[in-house]
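Worksheet: one structure, shown below.
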Amino acid sequence: MELTKNYIPNEVEAKWYAHWLEQGYFTSKPDEREPYTVVIPPPNVTGVLHMGHCLNNSIQDILIRRARMQGKNACWVPGTDHASIATEAKVVAMLRERGITKSSLTRDEFLGYAWEWKEKYGGIILQQLKKMGCSLDWDRTSFTMDPDYYQSVIRVFIDLYGKGMIYRGKRMINWDVKAKTALSDEEVIYKEVQSKLYYVRYELADEEGDIVIATVRPETILGDSAICVNPADERYKHLHGKYAIVPLINRRIPIIADDYVTLDFGTGALKVTPAHDMNDYQLGQKYQLEIIDTMNDDGTMSEAAQLFVGEDRLDVRKKIVPQLEASGHLVKVEEYTNQVGFSERTDAMVEPRLSLQWWVSMKEIAEPALKAVMDDEIHFHPAKFKNLYRHWMENIKDWCISRQLWWGHRIPAYYAPDGSFAVASTKEEAFEQLKINHPQLTIEEIKQDDDCLDTWFSSWLWPFEVFKGLAEPGNAEVNYYYPTNTLVTAPEIIFFWVARMIMAGFEFMDEKPFADVYFTGIVRDKLGRKMSKSLGNSPDLLALIDLYGADAVRFGIMIASPAGNDILFDESALEQGRNFNNKLWNALKLLKMWEARSKRETSDVNPELNLTHPSPHTPQDFASAWFRQRLNKVKAEVDEMMRQFRLNEALKTIYSLIWDDFCSWYLEWIKPGFEQPIDAVVYAQTVAYFEELMELLHPFMPFITEEIYHLLAEQADDLCIKQQQPLANADPAILEAGELLKQVISALRDARNKNQVKPKDPIKLHIQTTDTANYRAIENILGKQVNAELIAYTETTVPGTIVVAVEKDRFFLETGQQLNSETLQAELLKDLDYQQKFLQSVQKKLSNERFVQNAKEEVIALERKKQADAGARIETIKESLRNLG
RNA sequence: GGGAGCAUAGCUCAGCUGGUUUAGAGCAUCUGCCUUACAAGCAGAGGGUCCGCGGUUCGAACCCGUGUGCUCCCA
């Protein structure tokens, strides 16, 4: 078999994904095993794969694949969210291109187009996830508007209404004038805007004099119903309880006093417009001020404004200023920078507005959800998000759940012509209810609410409703899979979604929805900017997969992303991933080369060689025994890191185990001489190690590991479902011996480098040690690694050589060439200085009585060892200096 | 205005229970190698005021206070 020079991912990836699907490895059915369940955060049906999804789903796939290899019944549920606002916007845009306006369509016609759109474009993202290797159980693909799911959402609304937790109320909301819809607070994005601050003079009503207020929204003057000052403000004390006249429209309004007003902003006097400002509304409630709604739902001025009726409020803002000036009410204009809210979806400037909306009262439902997280019944990773969560939950506000949209779950409220209403699952039921108080009513007269529910009002049911937890209560699936294990999501939706899922879990299932929540970071570009369509800084993920391979993309995004920290995405990380693929590929090539040779030779080495407690007689024995222990140790480390959701550290650890320990050390140590055959037992052992490495890496990089696993040997199974062996203990003695060997090799190579001894020039190595036996076991490896043609043991200094000290042992390198004694001396003096200072600091510590009294015994012992080692080392350096003469 | 978080090498970040650390990794940089698995590589090296100040402690990158700068969330 001829292996290509470099690893080529594309075909390999397609081949294995198809194979895994065909074998049904991703399909999960309840059985006697322990389940491990993850529900995907359903991407918008309108979504296309971006870096955020890539990170998020890589993590979920890693957790799921690992669980699958650990004997659990791994179930990862895919699906999409109907995303009411985003999808409706897309459909409206599509219709506009075809020359159709939404307002010309009936609701049913519009929904027809929307479903058509959803069937055609929705869920592209799910196909893209396959490219990434995500091992989702595709048979379970769910959608938040599936018929069962839809009915459950409606049932939840009716249930909460029945419990008195849903109410209808006129409240100040964020209004998107473009979409003509209410926005939740979370859908408003505040941006810094350069505005103007207008100072406007209001004349007093019943006497001479005036009061000047400052405003950035002069058009709202038409809706003013009071002026407010701080009661402590000396400038205005004489005006408390008096009246002023609103310019241009001559409305008489009271001057009130309240602490809310800050003394030093503007003039210290505030105009109060209860219908168009959140805080003014509060004031209005408190002082029972008149509410004058001067704006229509499209942002134009209403009849109540008296002036500029029908004109857009932003045009009016410009037009009203000259009028104020002409009438002598404008005092001055200042430049002013302030935060203004914009709609997340349409980017329209958000208007605070009074509107009749549906609300969920949150206080009660939030309590168990807060407790579960605070008591660590649900674990947040990283835990720092607990604080954020607590703060929000303790100050939770009611949830506005109605949206003026058609695409979504239609609010199950039905109105009689007189405005009274009933909440019911069907028109017929509503009719029955309404008839009680309206005996004359006919069913034709009642009308269903036109609005839809907030998207999150359906997705908060996701963890149980994908298993039909409400549609078929207590069914076998929900009993088995719920509560789920781990939720992986972005911290930006901790309140939108995570908190509400926890509430829904307790409210409707009497149980938490998941045990762990892993918060990923936000993916940013190299400059630290959030990746977004508008900035155009989001790379095309499929193109990246084509270029580097899915494994490399997964590696690149994972290696740089600690839990909860934002990641600055840089394509060089993908290169690193690709290079890692290539490294694995080349290690495979090396083994295949050895395999071809070993088949020609038969080995007479005892195949029963005990590698757990070997007596290392050959370099291969030592190398093999050492690597076995390294594997044991790293597996245990990785296991612990995964338990703590430190995925990037686990990956780094595996990367270093493979690249450094396996490739750079182990393979070099067992490498036979030029064109020499390899020992069959060593070869078999090496294949086994390589397989174990692939097993360890598989959850992170599924494709190449599966490919190599099968190319290494005939396999009866697939790596994808291979079951991990239990962890084994690592022998510290062998590990220590290995570390010493590495250290000696590096030190000697360094000495060669510094003395410009060419890699090809052999040296003679004299070792001065008290532990000759130790070195005898590894001297073949050592000789090969530092290109020594001779290794001898000595009890005294060897003159005319380069001296290297490692711990208490000394090494004399005989090079047969003239040494540059000046450089050597300088090096040694530098080292001597360092060691002496180090010794001093240790001695200072040890001579401190209080340290010796208070510190733990191990710490003191360690300091003593440091002292002894440094002392020995200083002696060696001094001797080397003498040696240089 | 309220809240949360961050500040460690040129860059991105580890450093978990205060002592194994006069601080680690990857990338970048520099030096030497086209050595027979791999130049997408190999062998090495250099690089730090752990943001400033004060405190607790025998001992602080780590704990406390304070100042500065940055980021995010909410109003």
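Protein chains get the first letters and strands the later ones, always in sequence-line order, with residue 1 at the start of each. Please read all numbers here as calculations on a predicted model, not as lab measurements.
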Phosphate OP1/OP2 of B:A43 contacted by A:Lys758 side-chain N/O (<4.0 Å): no

Short side-chain N/O contact to B:A39 OP1/OP2 from A:Lys5, under 4.0 Å: yes

Rounded to whole angstrom, note down the C1' distance from B:G47 over to B:G26. 15 Å

side-chain contact (heavy atoms from CB on, under 4.5 Å) involving A:Lys856 - partner list, sequence neighbours excluded: A:Glu858, A:Val859

Does a side-chain N or O from A:Arg578 land closer than 4.0 Å to OP1 or OP2 of B:A40, or not? no

Contacts of A:Glu691 meeting salt bridge (Lys or Arg N to Asp or Glu O under 4.0 Å) (sequence neighbours excluded), chain-then-number -> none

So, does A:Trp659 get its side chain near the phosphate of B:A40, meaning an N or O under 4.0 Å from OP1 or OP2? no

Take nucleotides 23-31 of chain B nucleotide by nucleotide from the 5' end and write B, S or -, depending on whether a protein heavy atom sits under 4.0 Å from the base, only from the sugar-phosphate, or from neither. ---S-----

Would A:Lys592 and A:Glu595 pass as an ion pair if we require N to O under 4.0 Å? yes

With a 4.0 Å cutoff (strictly under), does any side-chain N or O of A:Asn586 reach OP1 or OP2 of B:G41? no

Verify side chain to side chain contact (heavy atoms under 4.5 Å, CB included) between A:Asp551 and A:Glu13, making sure each step is shown before the conclusion. CA-CA 9 Å; A:Asp551 287 326; A:Glu13 292 177 356; 4.2 Å; yes

Send over the distance from A:Lys397 NZ to B:C73 P, rounded to a whole Å. 15 Å

So which nucleotide from B:A37, B:G2, B:A43 ends up closest to the side chain of A:Arg749? B:A43

Set of salt bridge (Lys or Arg N to Asp or Glu O under 4.0 Å) partners for A:Lys589, sequence neighbours left out: none

Checking A:Tyr709 now: which residues fulfil ring pair (Phe, Tyr, Trp, His ring centres under 6.0 Å) with it, not counting sequence neighbours? none

Quick one: side-chain contact (heavy atoms from CB on, under 4.5 Å) partners of A:Ala870, sequence neighbours excluded? A:Gln835, A:Phe838, A:Leu839

Pick out the pairs of N or O atoms, protein on one side and nucleotides 15-19 of chain B on the other, that lie under 3.5 Å.
none

Go through the structure and list residues passing salt bridge (Lys or Arg N to Asp or Glu O under 4.0 Å) with A:Asp277, not counting sequence neighbours. A:Arg217

Taken in chain and number order and not counting sequence neighbours, the residues that satisfy side-chain contact (heavy atoms from CB on, under 4.5 Å) with A:Ile493 are A:Trp456, A:Thr489, A:Phe496, A:Trp497

Stems formed with participation of RNA chain B [Watson-Crick or G-U wobble, under 3.5 Å, three or more pairs]: B:1-7 with B:68-74, B:10-13 with B:24-27, B:29-33 with B:41-45, B:51-55 with B:63-67

All salt bridge (Lys or Arg N to Asp or Glu O under 4.0 Å) counterparts of A:Arg752, not counting sequence neighbours: none

With sequence neighbours left out, write down each residue that passes ring pair (Phe, Tyr, Trp, His ring centres under 6.0 Å) with A:Tyr7, or none if nothing qualifies. A:Trp585

Whole-Å gap separating C1' (B:C42) and CG (A:Asn787): 14 Å

